[in-house]
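Notes follow the structure.
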Amino acid sequence: MSEQEVKSNPVVKQAEMPFAVVEGKPFTSMPTDLYIPPDALEVILEAFEGPLDLLLYLIRRQNLDILNIPIYDITKQYVEYIELMHKMNFELAAEYLVMAAMLAEIKSRMLLPKTHDDEDSEEDPRAELIRRLQEYERFKQAAEDIDGLPRVGREVWVAHAYLDKQADIESIVDITVKDLVMAFKEVMMRADLKVSHAIEREVLSVRDRMTVVLDSLLKAKTVNFKSLFSKTEGKQGALVTFLAVLELLKAHTIELVQSAPFADIYLQSSMSEG
Amino acid sequence: MELKQVRNVVEAALMAFDEPMSMKALVGLFPDEEITANDINQVLNDLDASYQDRGIELKKLSKGYRLQTRESVQPWLQNMWQQKPKKLSRALLETLALIAYRQPITRGEIEDIRGVAVSSKIIHYMMDKEWIRILGYRDVPGKPAMLGTTKEFLDYFNLASLQDLPSLAEIKDIETLEQELQFGEANNENTNEAAAADSQSKEVQNNE
Amino acid sequence: MELKQVRNVVEAALMAFDEPMSMKALVGLFPDEEITANDINQVLNDLDASYQDRGIELKKLSKGYRLQTRESVQPWLQNMWQQKPKKLSRALLETLALIAYRQPITRGEIEDIRGVAVSSKIIHYMMDKEWIRILGYRDVPGKPAMLGTTKEFLDYFNLASLQDLPSLAEIKDIETLEQELQFGEANNENTNEAAAADSQSKEVQNNE
């Protein structure tokens, strides 16, 4: 840790927190005051899983009970962290700023004198924060507990014996169209709604046609644009084919060539010469 | 068919198939013999007893029975692999813990509790590992997916059911909380008092 | 270290490791104890003797030692893959679904949507089955292959053309249906956090 411009904060009680660290950095504990070596800031922020985690750290570092947060000190410390990160031009996640605002609000509400009328209706402004901190802390603990469970491939291994003819098992698969559809539905839902807007019957038919067009290019180096269309399909079919060609062009998959003005247009694979 | 022979087949089957085997699958090994679930149970008990003193054990999981190595031999077995097993990040573990203890839960609810956005990468990773799945969609705007854990999750973490998860820390109820708050309010800048309160509450937590 | 303990470790290692284990690898399990190849040999002999009467055996191959099931139990083990067709993994299904609905699609695009890498094994498997094929290459850096489905794919799923795949609207219907089913389930499970696991494992037992 570098020694330059160490500033210590008198409010902070120093207490050891075990802290496992990172990337060959020699520190074995979190800084015990608010000074953070500039090059370690990123490492330290990454060590926190968000504002609640940072807040918990600040509270635990002083051996304080969550139920009795000294909101003035903690807010001050929290804001100092945030300011330090700002000064370093550190891109700070919005969540940290929201928490700073929330702390400031609690602090200001606690400064206001309480009237008797308020006493019944208004609960301690810290209550919500405390509830959230407690809730977060129990899952932080649960995460550690889960990490401590014996895991396959870490503490235990599945016992097996070699069995001949395993290929037979592989060859028997059992999937239906429904499995496929459900898999598609799930993967698209996960990929966010913004991606899934465009899958409708029409689009699928365009996709189908894109495959047909590419298929014809697998068989011949060039394909006459006109030959893609057939009268029997009608306008609808022609439109689908046209859209398919446009899509393929857009995706740099095919290119159109024309030997002279008004001559026939030919499709060829963008990769045919490469 | 003698039970000893049944035992040999069951043991070989447990080792031949990588997935845990259900009672149904084990009985199904003997379509032409009159072997009952009772017989299988007896055989499994015998096997379990015979492994008492060994480096392997029979484990009952949600999907069925699995033979696996004992934790006690892990220090030697880990010498077999070049690479250490991959560590799971805290973000992933916290998200997984919330899904395990709070299912069905939406991504938004996870974010509320953790106070930070949940990265899609983490969700995808756990989906890919088949530790979590979509249980359905909540009927609110945006139709958020409700997430839950799978049997693969239980298998991987060596659990027979979710009830075997370590119990969740108690949360202080709001009434106690408010009492303590009011009590402590006057002293809230006094760190000594706060520390005293803290050590008290730690005792309480230890007793829980 | 007692030889019995060495035996337990060696047995567990042979069961945990997929490949045959060489003498060197077996000795390497004990970097901190003075265990010689002689000790290992003795232990292997012991193990071999203990398997005489069982459904498994110790086999010495050119690369090393392997535990395997005996031919005498094969007839029963065969019953396993008749009763349980192997389910394709989620990763494979999703990849196949994306290729079907989004063809022509590159591997990179599949990875973007799924959020995880697509394993080459999966692609090869589907190529082997002739469900997918390379339709061409996109003219962008890296010249990625564009994947699409085949006629064999349509045959396998009994489809006349890709347009027979359910559209998004139809998927939505299925989804609503499933959602309703799952909602009821989820509500029951939700009464108690741990009850979810319980009913899960009960389901399994009922199915057995």
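Being a predicted model, the structure only gives us computed values, none of them experimental. Throughout, protein chains are lettered first and strands after them, A, B, ... in sequence-line order, and every chain is numbered starting at 1. Any value given below was found using the heavy atoms of this structure, including those in side chains, with hydrogens, waters and symmetry copies removed.
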Exceeds 12 heavy-atom contacts within 6.0 angstrom, atom CZ of A:Phe242: no
Spacing of A:Met210 atom CE and C:Ile105 atom CD1 [to the nearest 0.5 Å]: 10.0 Å
Stepwise side chain to side chain contact (heavy atoms under 4.5 Å, CB included) check, C:Leu67 with A:Tyr162: CA-CA 6 Å; C:Leu67 274 180; A:Tyr162 178 81; over 6 Å; no
Electrostatic pair A:Asp215:C:Arg133 at N-O distance under 4.0 angstrom: yes
C:Leu135 vs A:Thr211, side chain to side chain contact (heavy atoms under 4.5 Å, CB included): CA-CA, chis, key distance, verdict: CA-CA 7 Å; C:Leu135 296 170; A:Thr211 297; 3.8 Å; yes
Any side-chain heavy-atom pair of A:Leu214 and C:Met146 under 4.5 Å: yes
Gap separating the CG atom of A:Leu163 from the CD1 atom of C:Ile56, nearest 0.5 angstrom: 12.5 Å
Non-neighbouring partners of C:Asp46 that pass salt bridge (charged side-chain N to carboxylate O under 4.0 Å, His left out), sequence neighbours left out: none
Sub-4.5 Å side-chain heavy-atom contact between C:Pro104 and A:Leu248: yes
Contact summary for A:Arg207 and C:Arg102, nearest pair of heavy atoms: NH1-O, 2.9 Å
Value rounded to 0.5 Å, distance of CZ in A:Phe184 from CG in C:Leu93: 13.5 Å
More than 12 heavy atoms from other groups under 6.0 Å of NZ on C:Lys4: no
Portion of A:Ile254 that has a non-hydrogen atom of chain C nearer than 4.5 angstrom: neither
Greater than 12 external heavy atoms within 6.0 Å of C:Gln52's CD: yes
Approximate separation, where rounding is to 0.5 Å, of C:Leu14 CG and A:His160 NE2: 10.5 Å
Segment of C:Asp18 engaging chain A (4.5 angstrom heavy-atom cut-off): both
C:Arg138 side-chain N/O to A:His252 backbone N/O, donor-acceptor pair under 3.5 Å: no
Approximate separation, where rounding is to 0.5 Å, of C:Ile134 CD1 and A:Leu218 CG: 9.5 Å
